[in-house]
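What follows is a short report on a single structure.
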Amino acid sequence: MYLKKVKNKKTGRIALYIVHSYREPNSKYPKSKIVESLGFLDELEEKYEDPIAYFTEKARRMTEEAKKESSRVTLNFDKEERIEINAANRKNFGYAALSKIYHELDIHTFLKNRQRHTQEEYDANSIMKLLVFSRLLYPASKKKTYENKERFFEKMDFSLDDVYRCLSFFTKHKDELQLWLHERIKEQYNRNTSLVYYDVTNYYFEIDEADELRKKGVSKEHRPDPIVQMGLFMDTDGIPITYGLYPGNMLDKQTLIPMLGNIQRNFSLGRIIVVADKGMTTGDNIWYTLSAKNGYILSYSVRGADRAFKDYVLDPTGYRSIGEGFKIKSRLYPREIMVTSRNGKKIKKRVDEKQVIFYSEKYALKAKADRAPALEKAKSLISNPSRYNRATSVGAAKYVRNLAFDPKTGEVLEDAKTSLFLDEEKLKREEELDGYYAIITSEYQEADERIIELYRGLWKIEESFKVTKSDFETRPVYVSTQEHIEAHFLTCFVSLVIARVLERRLNGKYSVPALLESLRKASCSHMQENYYLFDYLDEVLVDIGKELGIDFGKKYMSLREIKKILGDVKKE
């Protein structure tokens, strides 16, 4: 606070005021308000020997007292005050937790070092933070994300064009950044990579246009749009290690060898055990994994196996009951696989592996429940064949004997309509295998229960894909050039790493969606001057705050306090 003198132009008289100076959050210039109106100088000179000195000292004392009583603030509101158009009065504070991990992983250091010798004027680190924090809390297109950048307290002095230009910069350094993150996680969290999980998913595009990367393929969402394939390696804590993008028409099983080659060459993991589902269980993948001195734990299709394997599965001999409705058995078995040689021909190779078979009554009931709608549809098709065609009978047709369709119209052929009946034999063969699962592994010394436990960890990577698609809204993808597509998925990868690290820091107590929902709600509204009102706190935020040293429980904070916290989380 200070003493302000105002001279009246008409009368020449000088009025004295004690004034408080402050700065509005979205204003470049300081503002002030009158704390006390003292009167005219000529009148005050009759009461005080030196009014200027007296009231200057009073303003100083008031400032000191305000500092001592900083916990109490008096604000005066004008009930008629209007909201300014496009005013960004609502801010998120929850991203402080994400910023803490972002800076602990030294992502800012990596980007600043890589940009140091370039001619680009934009701040790549600021742009990465905007894209990552927004992807985690308010997922949207790049344009929408930029338009809403004011919801954060960060200084973001760049244009939308800068954002798009920076995507090319991110793509250039995407492989280095993945390795950088791996090294930081290894140092800070003692990452265990003796066992790694691998899976593939795909993402569709808003723009129906194909190129070298965007191709029509087998979409996980059963959509006709162009897609891109993503292969992802993850550690046992569920934290991603590295990812790769492949053309949409590339089969899932074809991605493992290039991904495994990359992780072996660049990440220095030593011997690893690859855990994956049956989509990866091919002779080429198994032989490549073993040739690189690695191991595997893979799901194996019981229904797609030969008769000898099915007979072993159904033979009750050797099963051990483990709990109610669950049994297990295994054997060491030499199996022949077909491997593609250098000249492209298929040759036979023998692998000695352990085959673990288990039965779950719960899974058997689920399989029957999943099949029930298709059976009802099959019965309806038999009773009313004219109501169905090749397209509408999908899922049910395999249970109907003598079913044939017109190759041109897709309608059920007239000759077939009178001789349709349920394929009881096929249904019986399917039902007898309900609830049985098989895992094949090179790790024959591991106990059966341990093999199953390790394989079940694969759900974490499947959950990661679900999180990116639903919570991060990674798809549909709105960017179109290959450089921009690569950068888009890099920012999604960085986002997933930060989210998983936060989940690990909380010891898995809360899911990623629960963590992000609470951080999203940890927002505040500007009241007056530089003070903000906070209106949400839950158990999740309390636990995050305890772990990361951030107080989410204050109802009121000044801009200075908020900026101090956001500055502290950036310190290593």
Side-chain angles (χ1 to χ4, degrees), residues 174-175 178 196-205 210-234 240-267 269 272-301 303-305 335-349 351 353 439-442 455 458 461-462 464-465 468-469 474-475 477 482 485-486 488-490 492-493:
K174 65 181 178 66
D175 295 331
Q178 291 176 65
V196 296
Y197 293 92
Y198 182 73
D199 203 356
V200 180
T201 193
N202 49 55
Y203 299 86
Y204 67 88
F205 288 78
D211 54 28
E212 290 185 5
L213 193 58
R214 293 175 296 174
K215 300 281 189 182
K216 295 290 181 73
V218 182
S219 170
K220 306 290 184 183
E221 279 101 2
H222 309 290
R223 297 177 64 97
D225 312 275
I227 57 174
V228 61
Q229 293 277 64
M230 174 193 274
L232 179 69
F233 271 114
M234 183 191 79
I241 302 172
T242 185
Y243 74 96
L245 296 183
Y246 298 94
N249 60 354
M250 191 171 185
L251 299 177
D252 290 5
K253 62 186 180 182
Q254 295 174 316
T255 64
L256 178 60
I257 291 177
M259 283 295 294
L260 194 55
N262 170 57
I263 202 171
Q264 286 288 118
R265 286 191 305 273
N266 300 317
F267 286 75
L269 302 185
I272 60 176
I273 301 169
V274 179
V275 183
D277 66 18
K278 59 180 176 286
M280 301 298 133
T281 309
T282 68
D284 286 345
N285 286 341
I286 289 173
W287 194 250
Y288 182 88
T289 302
L290 294 175
S291 299
K293 310 299 182 186
N294 295 313
Y296 61 86
I297 299 175
L298 303 172
S299 172
Y300 189 69
S301 174
R303 297 189 190 281
R335 188 168 64 92
E336 282 191 342
I337 59 175
M338 299 303 293
V339 179
T340 306
S341 64
R342 291 185 178 180
N343 62 14
K345 293 183 178 180
K346 292 287 186 179
I347 57 176
K348 289 183 179 180
K349 295 285 186 178
V351 291
E353 63 188 11
I439 298 172
I440 56 174
T441 179
S442 58
Y455 178 78
L458 194 61
I461 200 167
E462 294 168 350
S464 292
F465 288 144
T468 60
K469 290 183 176 183
T474 306
R475 55 49 167 151
V477 184
Q482 185 160 341
I485 292 169
E486 293 277 6
H488 170 74
F489 283 103
L490 175 67
C492 293
F493 175 81

Which heavy-atom pair separates [X] from [Y] by the least distance, and what is that distance?
{"X": "G283", "Y": "I337", "answer": "O-CD1, 3.7 Å"}
{"X": "L458", "Y": "A276", "answer": "CD2-C, 3.7 Å"}
{"X": "Y246", "Y": "V228", "answer": "O-CG2, 3.3 Å"}
{"X": "Y197", "Y": "Y455", "answer": "CE2-O, 4.4 Å"}
{"X": "S442", "Y": "G295", "answer": "OG-CA, 3.1 Å"}
{"X": "M259", "Y": "T242", "answer": "CE-O, 4.1 Å"}

Legend entry - Y198: ring-ring contact (aromatic ring centres under 6.0 Å, His included) partners, not counting sequence neighbours: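 Y198 satisfies ring-ring contact (aromatic ring centres under 6.0 Å, His included) with F233 only.
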Is [X] reaching over with its side chain to a backbone N or O of [Y], donor-acceptor style, under 3.5 angstrom?
{"X": "Q264", "Y": "L269", "answer": "no"}
{"X": "Q254", "Y": "L251", "answer": "yes"}
{"X": "T340", "Y": "G344", "answer": "no"}

Given side chains that start at C-beta, do those of [X] and [Y] come closer than 4.5 Å, heavy atoms only?
{"X": "L298", "Y": "D277", "result": "no"}
{"X": "V275", "Y": "V196", "result": "no"}
{"X": "I273", "Y": "I297", "result": "yes"}
{"X": "H488", "Y": "I485", "result": "no"}
{"X": "L245", "Y": "Q229", "result": "no"}
{"X": "D252", "Y": "T201", "result": "no"}

Inset, instruction - Pick out which of T282, T289, T281 makes a side-chain hydrogen bond (donor to acceptor under 3.5 Å, both in side chains) with N285. - result: T282
Inset, instruction - Decide yes or no on side chain to side chain contact (heavy atoms under 4.5 Å, CB included) for E336 and K349, but give the supporting numbers first. - result: CA-CA 6 Å; E336 282 191 342; K349 295 285 186 178; over 6 Å; no
Inset, instruction - With sequence neighbours excluded, tell me which residues meet side-chain hydrogen bond (donor to acceptor under 3.5 Å, both in side chains) with E353. - result: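 Once residues adjacent in sequence are excluded, the partners of E353 under the side-chain hydrogen bond (donor to acceptor under 3.5 Å, both in side chains) criterion are Y296, R335.
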Inset, instruction - For D175, enumerate each residue passing the side-chain hydrogen bond (donor to acceptor under 3.5 Å, both in side chains) test, keeping only those at least two apart in sequence or located in another chain. - result: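 D175 satisfies side-chain hydrogen bond (donor to acceptor under 3.5 Å, both in side chains) with no residue once adjacent residues are dropped.
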Please round to the nearest 0.5 Å and tell me the distance separating atom [atom1] of [X] and atom [atom2] of [Y].
{"X": "F489", "Y": "M230", "atom1": "CZ", "atom2": "CE", "value": "5.0 Å"}
{"X": "S291", "Y": "I286", "atom1": "OG", "atom2": "CD1", "value": "11.5 Å"}
{"X": "M280", "Y": "K253", "atom1": "CE", "atom2": "NZ", "value": "10.0 Å"}
{"X": "I241", "Y": "I272", "atom1": "CD1", "atom2": "CD1", "value": "7.5 Å"}

Legend entry - Salt bridge present between D284 and K346 (N-O < 4.0 angstrom):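 A salt bridge links D284 with K346.
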Legend entry - Name of the residue among L260, L232, D199, V200 meeting side-chain contact (heavy atoms from CB on, under 4.5 Å) with T255: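 Only one option passes, and that is V200.
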